[in-house]
Trainee: 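Pasting a structure here, questions to come.
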Number of protein chains: 2
Amino acid sequence: MQRPFSDVLDRLRGKGLRPTRQRLALAKLLLERGDIHVTAEELHGMATKEGIRVSLATVYNTLHQFTDAGLLREIVVEPGCSYFDTNVSDHHHFFYEDSARLADIVGADVSIARLPEPPAGMHVQRVDVVIRLSANRKG
Amino acid sequence: MQRPFSDVLDRLRGKGLRPTRQRLALAKLLLERGDIHVTAEELHGMATKEGIRVSLATVYNTLHQFTDAGLLREIVVEPGCSYFDTNVSDHHHFFYEDSARLADIVGADVSIARLPEPPAGMHVQRVDVVIRLSANRKG
DNA sequence: GTGATTGCAAATCTTTTGCACTAAA
DNA sequence: TTTAGTGCAAAAGATTTGCAATCAC
């Protein structure tokens, strides 16, 4: 599952994104560690922790460039904060309301039996399913 | 479907919300005109247009009080802006990405065939399905 | 070199909050 | 009266943008 460094570089190049120091470092953080969901703030924190110097503005810009390039998927489940998902395949999410965490649902575990016809002149861009979870009351 | 004024008043009272001039006016705007989806800014605009003087801060507070009381449902589909839905029954949404509009999907038109088991100690609070639509390319 | 990218700080946008004032019960 | 609710302006977050400095090619 782990891809070699040169692959990240190629993936950026393949999308027409110049592989700058910052983009490479962020791409490695994001794409070489399985499926994760991060906010811009969190990714900035991860970078800082690893000694990568990058501004928060660049993190935001980079996340959106990666999203536009199809390397990430943006998910909004709560007001005031976007998550970015490194899993860009067709899948849905659990959202833990108590901890504000997202988790992927294995594709086959949710299936939509019937989809309504999209209105005339429209086509379906994407279907998002979010299952919101709370902790059971103790006792 | 249209309920009389006194009913709005009773609904507020029933929820323990003191029926102030502002709350009554906003409740009438929201609850006496079928199913709608509004942002705080839009509702404030609607109120202003009808000559109802109410501050944007009060609109925000009121929307959240109504949501907590179960009179509205909050929906987030894009970063930086919440919608409030007057339809609080179980249903899902179309989201028109081009115009940033929401529309209800009739309940029976979407059905989820299989739901994954919620993780241990968790229960499902709500399932949100958003079908994102774009206009077809002309030509 | 040259144009794309970055960093910073300032700007923007949505939403929340503190607090004196007003109104409902 | 007494307490909840309102308005305003200021604060708080998340995100974006302008622009000079820097980097990839």
Side-chain angles (χ1 to χ4, degrees), chain A residues 5-6 8-29 37-48 51-69 71-72 74-84 100 102, chain B residues 5-6 8-29 37-48 51-69 71-72 74-84 100 102:
Chain A
F5 178 85
S6 61
V8 167
L9 197 153
D10 288 345
R11 288 177 79 183
L12 293 186
R13 282 230 177 81
K15 299 296 185 177
L17 292 169
R18 197 179 274 191
T20 63
R21 194 194 92 237
Q22 292 84 342
R23 282 183 185 156
L24 268 174
L26 295 176
K28 283 181 52 130
L29 281 179
H37 305 87
V38 291
T39 64
E41 205 76 54
E42 284 167 2
L43 180 58
H44 186 243
M46 286 164 60
T48 302
I52 300 160
R53 290 176 61 268
V54 59
S55 73
L56 182 57
T58 295
V59 171
Y60 273 105
N61 293 335
T62 302
L63 283 170
H64 287 138
Q65 289 151 2
F66 286 6
T67 301
D68 292 344
L71 298 173
L72 296 177
E74 185 172 4
I75 304 167
V76 191
V77 285
E78 282 202 315
C81 170
S82 287
Y83 291 84
F84 293 86
L102 278 171
Chain B
F5 178 84
S6 61
V8 167
L9 196 153
D10 288 344
R11 289 178 79 183
L12 293 186
R13 283 232 177 81
K15 299 296 184 178
L17 293 169
R18 197 180 274 191
T20 64
R21 195 194 91 236
Q22 291 86 343
R23 282 183 185 157
L24 268 174
L26 295 176
K28 283 181 53 129
L29 281 179
H37 305 87
V38 292
T39 64
E41 204 76 54
E42 284 168 2
L43 180 59
H44 186 242
M46 286 164 60
T48 301
I52 300 160
R53 291 176 61 269
V54 59
S55 73
L56 183 56
T58 295
V59 171
Y60 273 105
N61 292 335
T62 302
L63 283 171
H64 287 138
Q65 289 152 2
F66 286 7
T67 301
D68 292 344
L71 298 173
L72 297 177
E74 184 171 5
I75 305 168
V76 190
V77 285
E78 283 201 316
C81 170
S82 287
Y83 292 83
F84 293 86
L102 277 171

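Per chain, numbering begins at 1; letters A, B, ... match sequence-line order.
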Trainee: Using a cut-off of 4.0 Å between protein heavy atoms and nucleotide atoms, how would you tag nucleotides 9-22 of chain D 5' to 3' with B, S and -?
Mentor: -----SBBB-----
Trainee: Measure NE2/B:H44 against C1'/C:dT16 and give the value in whole Å, please.
Mentor: 15 Å
Trainee: Are A:I52 and A:L29 side-chain neighbours, meaning at least one heavy-atom pair lies under 4.5 Å?
Mentor: yes
Trainee: Nearest whole angstrom, please: distance from the C1' of C:dT14 to the OH of B:Y83.
Mentor: 13 Å
Trainee: Using whole Å, report how far CZ of A:R53 lies from C1' of C:dT5.
Mentor: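 Those two atoms, CZ and C1', are 16 Å apart.
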Trainee: Could you tell me whether a side-chain N or O of A:R13 sits under 3.5 Å from a main-chain N or O of A:P19, the two making a donor and an acceptor?
Mentor: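 Not confirmed, A:R13 side chain does not pair with A:P19 backbone.
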Trainee: What's the separation between atom CD in B:E42 and atom CZ in B:F84, rounded to the nearest 0.5 Å?
Mentor: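 Those atoms lie 11.5 Å apart.
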Trainee: To the nearest Å, how far apart are A:L9 CG and D:dA24 P?
Mentor: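 A:L9 atom CG is separated from D:dA24 atom P by 11 Å.
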Trainee: How far does OG1 of A:T58 sit from CZ of A:R53, to the nearest 0.5 angstrom?
Mentor: 11.5 Å
Trainee: A side-chain contact here means heavy atoms from C-beta on lying under 4.5 Å apart; do A:L17 and A:T62 qualify?
Mentor: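 Result no, sub-4.5 Å side-chain heavy-atom pair not found.
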Trainee: For D:dT6, does either OP1 or OP2 sit under 4.0 Å from a side-chain N or O belonging to B:T58?
Mentor: no
Trainee: What distance separates A:T39 OG1 from A:E78 CD, expressed to the nearest 0.5 Å?
Mentor: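 Interatomic distance, A:T39 OG1 to A:E78 CD, rounded to 0.5 Å: 11.5 Å.
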Trainee: Taking only N and O in the side chain of B:Q65, is any of them less than 4.0 Å away from OP1 or OP2 of D:dA4?
Mentor: no
Trainee: In Å, rounded to the nearest 0.5 Å, how long is the span from CG of B:L9 to CZ of B:R23?
Mentor: 12.0 Å
Trainee: Do A:E74 and A:H64 have side chains that get closer than 4.5 Å, going by heavy atoms?
Mentor: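 Contact flag for A:E74/A:H64 side chains = yes.
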Trainee: Using C1' atoms of five pairs at each end, report the bend of the helix from C:dG1-D:dC25 to C:dA25-D:dT1 rounded to 10 degrees.
Mentor: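 Here the helix ends are tilted 30° relative to one another.
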Trainee: Which pair of heavy atoms, one from B:A100 and one from B:Y83, lies closest together, and at what distance?
Mentor: O-OH, 2.6 Å
Trainee: Hey, what are the protein-to-nucleotides 22-24 of chain C N/O distances that come in under 3.5 Å?
Mentor:
none

Trainee: Scan B:V76, B:T67, B:L63 and name whichever one has a side-chain contact (heavy atoms from CB on, under 4.5 Å) with B:S82.
Mentor: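 Running side-chain contact (heavy atoms from CB on, under 4.5 Å) over B:V76, B:T67, B:L63 with B:S82 returns exactly one hit, B:V76.
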